[in-house]
Structures are given as structure tokens and as C-alpha cells.
Amino acid sequence: MKKVILTAAIVLGGLSTYATSAFAIKQTDEIVVAVQDDYKEIKTTALPKAVKDALAADFQTATLNKAYVNHKQEYKLEITVDGAASTVYADKDGHWIKKD
């Protein structure tokens with residue numbers, strides 16, 4: 001009787017080990033870094049003249065919807081060009097900044 005119980009325990013233990021190893025856990029080392037630029041909304045009239053001039057020169061048909069500024073005095077401008085919404089970035093001197 002002891003042999004039957006011992007055999008049953010070994011078989012059930014073996015089956016449970018096999019069942020858990022069938023679902024391999026894939027472990028990945030992935031680090032996600034979120035960068036927040038901390039832009040604060042400002043009035044469109046508060047934009048520097050250089051930024052306004054650059055916008056008028058390079059986007060003649062654009063309508064300025066909203067303006068934001070961060071601590072580095074970089075400006076985020078939400079504009080509409082020919083009915084399409086777009087976001088452009090400029091520094092305080094009116095030079096365009098390429099952001100991803």
C-alpha cells in the first residue's frame with residue numbers, strides 16, 4: 001500500500017512540474033523613461049517678437065491656437081495650417097527646434 005501511495009505522489013508531482021514548465025515566463029529587462037518638458041500655457045500675445053516674426057515668415061497661412069513655454073525659454077506653438085493641426089517648437093530667438 002505504501003508503494004502505491006508513493007508511486008501516485010511521484011506521478012502527480014511529476015505531472016504538476018511538467019504543467020508549470022509548459023508556460024515559460026518571458027522576463028525582459030526594459031526601462032521606460034518618460035520625459036516631461038513642463039510647458040506652461042501662456043497668452044499668444046506674450047510671445048517674443050522673434051518667435052512671432054519666425055512664425056509669420058515660415059508659416060504664412062498658419063493660425064496660432066495656443067502657446068506654451070518651458071524653463072529653458074523654448075516655446076511650443078499649436079498652430080493650424082490649411083485646416084491641419086500641427087505643433088512646432090522654437091527658442092526665444094525664433095529658431096525652430098526639431099523635437100521627436
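Positions are given from 1, in the same order as the sequence printed here.
- Screening T63, N65, T61 for a side-chain hydrogen bond (donor to acceptor under 3.5 Å, both in side chains) involving T80 leaves a single residue, N65.
- The heavy-atom pair separating V51 from D91 by the smallest distance is CG2-O, 3.3 Å.
- When the side-chain contact (heavy atoms from CB on, under 4.5 Å) test is applied to A62, the partners found at least two apart in sequence or on another chain are F59, I79, V81.
- Evaluation of the side-chain contact (heavy atoms from CB on, under 4.5 Å) rule for K52 yields L47 as partners, not counting sequence neighbours.
- The nearest pair of heavy atoms linking A90 to I97 is C-CD1, 3.7 Å.
- A single hydrophobic cluster is seen to contain both V88 and L64, as judged by linkage of ILVMFWY side chains at heavy-atom distances under 4.5 Å, directly or through other members.
- Pairs of residues two or more places apart, or lying in two chains, that qualify as salt bridge (charged side-chain N to carboxylate O under 4.0 Å, His left out) and include a residue from residues 58-86 are E74-K99.
- Listed here is the closest heavy atom pair of A54 and G94: CB-O, 3.3 Å.
- In this structure the side chain of L55 reaches within 4.5 angstrom of the side chain of W96, judged on heavy atoms.
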Under the side chain to side chain contact (heavy atoms under 4.5 Å, CB included) criterion, do Y39 and Y89 qualify, and how do the steps go?
CA-CA 11 Å; Y39 283 95; Y89 298 87; 3.5 Å; yes

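- A distance-only check finds no donor-acceptor pair linking the side chain of Q73 to the backbone of N70 [under 3.5 Å].
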